[in-house]
Protein chains: 2
Amino acid sequence: MRKNTLGSLIWLRIARFTHQSNLLSNDFLKQYGITAAQFDVLNQISTYQPITQNQLAIKATVSEGGISRMLTRLEQEGYIQRKQDWKTKWISLTSKGEDKMLEVFEHQLTFQTSIVNESLTEEEQKTLYTLMTKLQKSTENKIEN
Amino acid sequence: MRKNTLGSLIWLRIARFTHQSNLLSNDFLKQYGITAAQFDVLNQISTYQPITQNQLAIKATVSEGGISRMLTRLEQEGYIQRKQDWKTKWISLTSKGEDKMLEVFEHQLTFQTSIVNESLTEEEQKTLYTLMTKLQKSTENKIEN
DNA sequence: CATTTTCATTTTACTAATCAAGTGATGACT
DNA sequence: AGTCATCACTTGATTAGTAAAATGAAAATG
């Protein structure tokens, strides 16, 4: 007989939430013509630009190959530019990319915040943040073994 | 100036944990020759078989098209069988699929559990489970609008 | 009894991710 | 100088996901 542990149930809830909130995010961002994955990467670039692809991959927790393809798409759309300097490519937003982030950032933040605010009190949110941070940091350490 | 809310920080932590724990899961399951996504689907089938593709898609929180392809692969590998009955296809594990789940389930459960146990106390886990359940249920309601 | 509706599943076109092998230029040995 | 290693990035093969259009067979309608 199958018996689940508390740990595995937590795992399942988190996986479901991520999946479903991703669907909602993509649906919400559709009106701005970008996907949730693109928003995340543009947001990282906006924060850390100019940044190399290598560093960006780490910030966005995506593989080298993944960021390469992602940037190709974003470059085609005209949101970012890659400046080759020696062997490194420095990534930054174009003015179109800056405008897009200016247009979208606040709304996406409000969108995410409201979903959390609707189901949890301020106190609960603080607790959840603390616990998730513990969990995530510990997983992060395991990755860098 | 960019200012993040508690809600958006929670969102970020959850997304990171999911992504990283998925990498770990895939890495762990590699020795058994299956992926984390395949394990999840096989696990659902094992629990609810026989089950239609439609219901399975809901259980596994995957789109109709997604489950169709996934099952094609699992069928090719010989883990599942599809029995056409009227217009419905009933999915169940083959004996090879049953064996695989018997081999993997306990280990994957232990793997997931240990990651949570290593970073959180029993009490913290209960709290986290309660909060994540609230959050996830609320998101689920938004999806079915 | 022919036609339309319904419905489960499949397919198409796309985004996105991984790992691993391939490029191509810089720089460091011998 | 010639070879070799390194490094940042790209590419190929595969898995996985979505939305939306297409299939195909049964049921319902007129």
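Here is how names work: the chains are called A, B, and so on, in the same order as the sequence lines, proteins then strands, and each is numbered from 1. Keep in mind the model is a prediction, meaning the values are calculated, not measured.
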- CG of A/Asn22 versus P of C/dT15: gap in Å, rounded? 16 Å

- Is the shortest side-chain N/O distance from A/Ser63 to OP1 or OP2 of C/dC19 below 4.0 Å? no

- Item | Length of the CZ-P vector between A/Arg69 and C/dC14, whole Å | 16 Å

- Note on the structure: Rounded to whole Å, the CZ-C1' distance (B/Phe28 to C/dT18) equals 19 Å

- Message: Just the rounded figure in Å: distance from P of C/dC7 to CH2 of B/Trp90.
- Response: 16 Å

- Consider the side chain of A/Asn54, meaning its heavy atoms from C-beta on, and name the nucleotide among C/dT18, D/dA16, D/dA8 that approaches it most closely. D/dA8

- Task: Using a heavy-atom cut-off of under 4.0 Å over every strand shown, decide if B/Ser68 touches base, sugar-phosphate, or nothing.
- Result: base

- Task: Take B/Ala37 and A/Gln55, find for each the nucleotide of DNA chain D with the closest heavy atom, and name the residue whose nucleotide sits nearer the 5' end.
- Result: A/Gln55

- Query: Taking the side chain of A/Met70 as its heavy atoms from C-beta onward, which of C/dA16, C/dT18, D/dA16 lies nearest to it?
  - Reply: C/dA16

- Message: Evaluate B/Glu75 against B/Arg82 for salt bridge (Lys or Arg N to Asp or Glu O under 4.0 Å), listing each step before the verdict.
- Response: CA-CA 8 Å; B/Glu75 196 175 29; B/Arg82 305 199 241 199; 3.2 Å; yes

- For C/dA16, does either OP1 or OP2 sit under 4.0 Å from a side-chain N or O belonging to A/Thr35? yes

- Query: Between C/dT10, D/dG17, D/dA8, which nucleotide gets closest to the side-chain atoms of B/Lys89?
  - Reply: C/dT10

- Task: Round to a whole Å and report the spacing from CD1 of B/Ile143 to P of D/dG17.
- Result: 15 Å

- Task: Could you tell me whether the side chain of B/Ser21 and the main chain of B/Phe17 form a donor-acceptor pair under 3.5 Å?
- Result: yes

- Message: Starting the side chain at C-beta, find the nucleotide from C/dT9, D/dA20, D/dA16 nearest to A/Lys30.
- Response: D/dA20

- Query: Is it the case that B/Gln53 and B/Glu64 place a side-chain donor and acceptor less than 3.5 Å from each other?
  - Reply: no

- Note on the structure: A/His19 atom NE2 is separated from C/dA16 atom P, nearest whole Å, by 15 Å

- Query: Within this structure, what is the CZ-to-P distance between A/Arg73 and C/dT15, rounded to whole angstrom?
  - Reply: 6 Å

- Query: Has A/Lys137 got more than 12 heavy atoms of other residues, nucleotides or ligands less than 6.0 Å from its NZ?
  - Reply: no

- Query: If each of A/Thr52 and B/Glu64 is mapped to the nucleotide of DNA chain D with the nearest heavy atom, which maps nearer the 5' terminus, i.e. the 5' end?
  - Reply: A/Thr52

- Task: For B/Ile67 and D/dA19, give me the distance from atom CD1 to atom C1', rounded to whole Å.
- Result: 16 Å

- Query: A/Glu106 side chain to A/Glu103 main-chain N or O, any donor-acceptor pair under 3.5 Å?
  - Reply: no

- Message: Does A/Gln53 reach a base, just sugar-phosphate, or nothing at all? Heavy atoms under 4.0 Å.
- Response: sugar-phosphate

